[in-house]
Amino acid sequence: MTARNNPDPAGWRLVIHGGAGIIERSRVTAAQEAAIRAALHRALDAGSAVLADGGAALDAVEAAVRVLEDDPHFNAGHGAVLTYEGAHELDAAIMDGRTRAAGAVAGVSATRNPVALARAVMEESPHVFLAGEGADIFSREQGLEQVGQDWFGTPERRRQLDELKANQSSWFDVDMKYGTVGAVALDGAGHVAAATSTGGVTGKRWGRVGDSPVIGAGTYADDRACAVSATGSGETFIRVAVGHEIGARMRLGGEAAQAAADAVMAEVRALGGTGGVIVVSPKGEALWSFTTPGMYRGQASATTRTVAIFGDEG
Ligand code: ASP
């Protein structure tokens, strides 16, 4: 089957997310809301600049995700959640729909922008998925920017871990807000790409890895169908193979992207999971679907731009 590329320099699309969860007006201060909206706009600015300039979807998703990794309001890079032991273990993935080339890392501890490390795995190694210490070594060998663990931490993440321990609650984020970040893009040449980056879930143990870096689960891109980035209860998203499943419904079942995304999120819900996805397709479909009260999200094209947080917006 050949790719359904539809070159259209002005037909680019970009969709981003900064996590889904119990995100309601009563739980977000005006200052937090303003800062989060501003960060989402900056991420859209970064990705849109690449696409409007005729750049590749792959470069756009990396650019957008890097902005969100550097922003402390999201659970990725600076602002990543803490493990049970009080460390930061970061997961990220990137995938190019042109060739289905992919790169992913899990449990890395010192790379400022894990999405850049995922891209290096894709482009500079013969592998797709590197984990832990080996991935950290590869990062240094690649000359990527290294930071101490302090760079990732924020007082709010420490408070969340302390609360989780005080409540002896499960591994889930205490206030059920996932802050993983992701981007999907369609470029003017008709190619799609996806990237996702996360600190995982607060209080995670035993080298736990969620869906974000798992190709076909939290991240997937295939020019024959769509690009997907997910956020939510990672264990369920892995079991449903969310990214691949949305693509398969479109490619093999002929479903529209929104119908496929909604159906797969219904499967996640049926298994007890929560969260959301963003999707773009080579046809120009660009959308989100989520089961939670809110999702930090935004979309841009040559003529449109939306940033939203709560479920009842845009
Ligand atoms: N899906 C991520 C994970 O399970 C969490 C998130 O979306 O924030 O690691």
Side-chain angles (χ1 to χ4, degrees), residues 15-23 36 39-40 65 68-69 71-84 87-93 104-109 114-115 118 129 131-132 152 154 156-157 160-161 164 170-184 194-220 228-246 264-265 267-269 271-278 288-297 309:
V15 189
I16 60 171
H17 72 77
I22 305 182
I23 300 166
I36 288 165
L40 292 169
V65 165
L68 297 173
E69 284 179 336
D71 190 289
H73 294 92
F74 305 96
N75 171 20
H78 182 39
V81 298
L82 288 159
T83 67
Y84 197 81
H88 299 280
E89 296 176 356
L90 310 163
D91 304 334
V105 290
V108 298
S109 65
V115 70
F129 204 169
F152 302 115
T154 65
E156 174 62 7
R157 296 307 186 199
Q160 289 173 343
L161 179 63
L164 177 134
S170 74
W171 54 270
F172 260 123
D173 284 62
V174 275
D175 42 1
M176 295 296 286
K177 269 191 231 165
Y178 311 103
T180 291
V181 308
V184 292
T196 311
S197 182
T198 189
V201 288
T202 301
K204 65 183 183 180
R205 304 173 89 169
W206 312 300
R208 181 265 186 194
V209 178
D211 61 310
S212 309
V214 176
I215 299 302
T219 306
Y220 201 65
V228 179
S229 173
T231 177
S233 50
E235 282 68 9
T236 331
F237 282 67
I238 293 173
R239 290 162 59 205
V240 173
V242 163
H244 188 271
E245 188 74 3
I246 292 171
V264 173
M265 287 312 301
E267 281 188 45
V268 167
R269 192 202 291 264
L271 294 187
T274 61
V277 289
I278 52 174
W288 38 68
S289 179
F290 51 98
T291 67
T292 45
M295 180 171 175
Y296 301 129
R297 60 200 188 278
I309 295 181

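One-based numbering, in listed order, for ligands and for the atoms of each. Predicted, not measured: the structure shown is a model, and the values here were computed from it.
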Does the side-chain hydrogen bond (donor to acceptor under 3.5 Å, both in side chains) test come out yes or no for E69 and S197, once each step is laid out?
-> CA-CA 7 Å; E69 284 179 336; S197 182; 2.6 Å; yes
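The shortest N or O to N or O distance between G232 and ligand 1 is below 3.5 Å. Considering backbone and side-chain atoms together, T180 places an N or O closer than 3.5 Å to an N or O of ligand 1. For D91, no nitrogen or oxygen atom sits less than 3.5 Å from a nitrogen or oxygen atom of ligand 1, counting backbone and side chain alike. Taking any N or O of A230, backbone or side chain, none lies under 3.5 Å from an N or O belonging to ligand 1. Checked against a 3.5 angstrom limit, the closest N/O atoms of R208 and ligand 1 fall inside it.
Residue T231 has at least one heavy-atom neighbour below 4.0 Å for each of these atoms of ligand 1: 6 (C), 7 (O), 8 (O). The G200 neighbourhood of ligand 1 comprises atoms 5 (C), 9 (O), with distances under 4.0 Å to a heavy atom of that residue. The G179 neighbourhood of ligand 1 comprises atoms 8 (O), with distances under 4.0 Å to a heavy atom of that residue. Every atom of ligand 1 with a heavy atom of S212 under 4.0 Å away is listed here by number and element: 1 (N), 2 (C).
The aromatic rings of F152 and H88 are tilted relative to each other, their planes meeting at an angle between 30° and 60°.
Comment: E235 engages R208 in a salt bridge, judged by a side-chain N to carboxylate O separation of less than 4.0 angstrom.
Between atom CZ of residue R297 and atom CD1 of residue I278 there is a gap of 11.5 Å, rounded to the nearest 0.5 Å.
Among the candidates I309, I16, L68, T231, the single residue satisfying the side-chain contact (heavy atoms from CB on, under 4.5 Å) test with Y296 is I309.
The closest side-chain donor-acceptor pair between S229 and T196 falls under 3.5 angstrom.
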